[in-house]
Amino acid sequence: METTMAETPQAADTDADRRKIKSVRKMKEIMTNYYIEAKGAAESGKKVAWITSGGPVEPLIAMDVIPVYPENHGAMVGASKMGADLCETAEEFGYPRELCSYARSDIACSATGGGPIGGLPEPDFLVCCNNICGTVMKWYEVASRHYGVPLFILDTPFTHREFSAAAQRYVLAQIYEYVSFLETQCGKKMDYDRMEEVGRLSVEGTRLWQEVLDAGAHKPAPFTAFDAFFHMALIVTLRGTQITVDYYRQLRDEMHERIEQGIAMVPNEKYRLLWDNLPIWYRTRWLSEKFASHGACLVGDTYTSAWSAMAPHMRAESFLESMSWAYTQVYINVSVDIMFESLRGLITKYDVDGLVMHSNRSCKPYSLGQYELQKMVLRELDLPTLILEADMVDERSFSESQIETRIDAFMETLKS
Amino acid sequence: MNARGRYLSRIASEQKIDGAVFLLLKFCDPHGFDYPYLKSFLEEAGVATLLLEVEDRLPSEAQLRTRFETFVDML
């Protein structure tokens with residue numbers, strides 16, 4: 001890959017070094033240390049909880065539990081191009097190919113110790129929030145049986161029109177139950193002063209992540225959705241820590257410097273696009289170069305914005321209570337009408353020329369409704385849309401020639 | 001957590017079941033995730049299993065007949 005890269009026309013670009021995001025090194029260091037700490041939890045005596053990507057992590061941080069994310073691990077599996085093999089292993093165990101590829105590859109890693117980091121550290125307990133999908137409940141049941149550890153499920157009702165008072169009470173009662181569950185698992189009481197501090201850091205980290213993403217609204221964009229896919233790891237895994245706040249402040253400042261210095265991520269940015277759904281982890285570089293070859297830059301996305309979009313609902317002063325709002329109303333736990341309003345907001349803010357939707361075979365709640373959203377976007381905003389059928393981790397569902405043809409054809413229509 | 005598995009093996013032994021047929025609707029997460037463990041519970045109880053994956057319509061009658069006959073012969 002590296003050698004062919006050097007032969008592409010972009011390699012002649014003398015500005016390539018200037019365009020590299022300097023904070024990347026720091027980010028890699030933080031994530032490496034995080035995984036080393038998590039893998040060493042048994043020796044250090046710390047508890048490990050597995051938690052879903054949309055789950056409320058802050059109480060875990062406040063209780064000094066190390067949160068581990070099978071979905072972040074799934075993204076690493078995908079980026080390491082190990083997805084198809086691991087998915088096939090799970091299929092040999094009897095898990096159908098129609099199941100989520102994060103789940104299949106994670107189940108395979110648990111059973112075989114395979115994958116990019118030789119499997120995740122074993123959990124002491126599991127925390128599953130179904131605000132992102134119903135899949136996680138069954139997936140976490142598999143993990144609970146495999147490791148013989150307790151599972152806490154936080155059930156966040158789907159919002160069709162509004163988050164009703166009854167639903168709010170229902171979620172809030174579970175949040176208090178969650179705290180009691182953690183107290184039982186950890187054998188100690190929650191320190192509410194510490195919880196307040198973690199809540200404050202979570203709000204701050206989330207706002208800073210928003211400011212990082214906002215940089216993409218500048219023309220030309222100093223940062224793309226592909227960069228966001230890489231830099232999102234902290235807002236997902238370590239929300240509520242000082243490390244995350246410090247890192248995103250550094251990254252935001254770097255973005256502002258890039259804007260001042262006129263550094264664009266895509267040379268000669270001509271077309272601005274918005275990405276919808278999870279990344280195609282094993283093809284992010286290929287896709288980024290493919291779009292860049294047309295002068296197109298993916299300046300924003302609905303996926304990484306899902307974490308910053310929680311900010312308006314978060315309250316530092318009554319954080320636990322505000323979590324019920326923030327966690328229930330995430331992007332894919334709401335109706336197509338509400339999703340469309342978020343989409344409209346992003347389309348306007350980033351001032352894009354088109355929308356690229358990844359119809360992700362693995363992620364049913366994200367992908368269901370995309371064709372309807374496509375119609376709404378065309379009808380109400382007169383914006384062209386490209387739908388790419390693929391999978392976030394399982395390379396067997398990616399057809400390069402078909403995707404290339406579709407991207408080329410779409411770009412021709414934008415140019416005409 | 002494994003109540004379904006225990007329930008299945010209990011009724012299988014109470015009713016002296018020899019074989020069980022799993023009807024799996026493609027893209028159905030709850031059944032897809034439970035299938036491997038339910039199958040292992042039944043196998044431990046000495047019950048043979050047959051998996052039938054269906055989409056919006058059933059496979060052809062001839063195909064079903066062959067699979068069922070083979071399964072019954074095996075029992």
Is atom [atom1] of [X] surrounded by more than 12 heavy atoms (other residues, nucleotides or ligands) closer than 6.0 Å?
{"X": "B:Y7", "atom1": "OH", "value": "no"}
{"X": "A:K138", "atom1": "NZ", "value": "yes"}
{"X": "A:L368", "atom1": "CG", "value": "no"}
{"X": "B:E61", "atom1": "CD", "value": "no"}

| field | A:R361/B:F27 under side-chain contact (heavy atoms from CB on, under 4.5 Å): CA gap, chis, key distance, verdict | value | CA-CA 10 Å; A:R361 193 179 161 88; B:F27 297 100; 4.1 Å; yes
| note | Interface check, chain A: of B:L24, B:D29, B:N2, most non-hydrogen pairs under 4.5 Å belong to B:D29
| task | Would you mind checking which part of B:L51 comes under 4.5 Å of any heavy atom in chain A, side chain (CB onward), backbone (N, CA, C, O), both or neither? | result | neither
| task | Against chain A, label B:Y35 side chain, backbone, both or neither, depending on which of its atoms sit under 4.5 Å from a heavy atom there. | result | side chain
Flag side-chain contact, heavy atom, 4.5 Å: [X] against [Y]:
{"X": "A:L99", "Y": "B:F33", "answer": "yes"}
{"X": "A:P96", "Y": "B:K26", "answer": "no"}
{"X": "B:E55", "Y": "A:E98", "answer": "no"}

| A:Y95 versus chain B, the contacting section by heavy-atom distance below 4.5 Å | both
| Considering all heavy atoms, the nearest B:D34-A:E141 contact | OD1-OE1, 4.1 Å
| said: Testing the basics here: between A:R145 and B:M1, what is the closest heavy-atom pair and its distance to 0.1 Å? | reply: NH1-O, 3.0 Å
| remark: Sorted by chain and residue number, the side chain to side chain contact (heavy atoms under 4.5 Å, CB included) partners of A:D124 (sequence neighbours excluded) come out as A:K47, A:V48
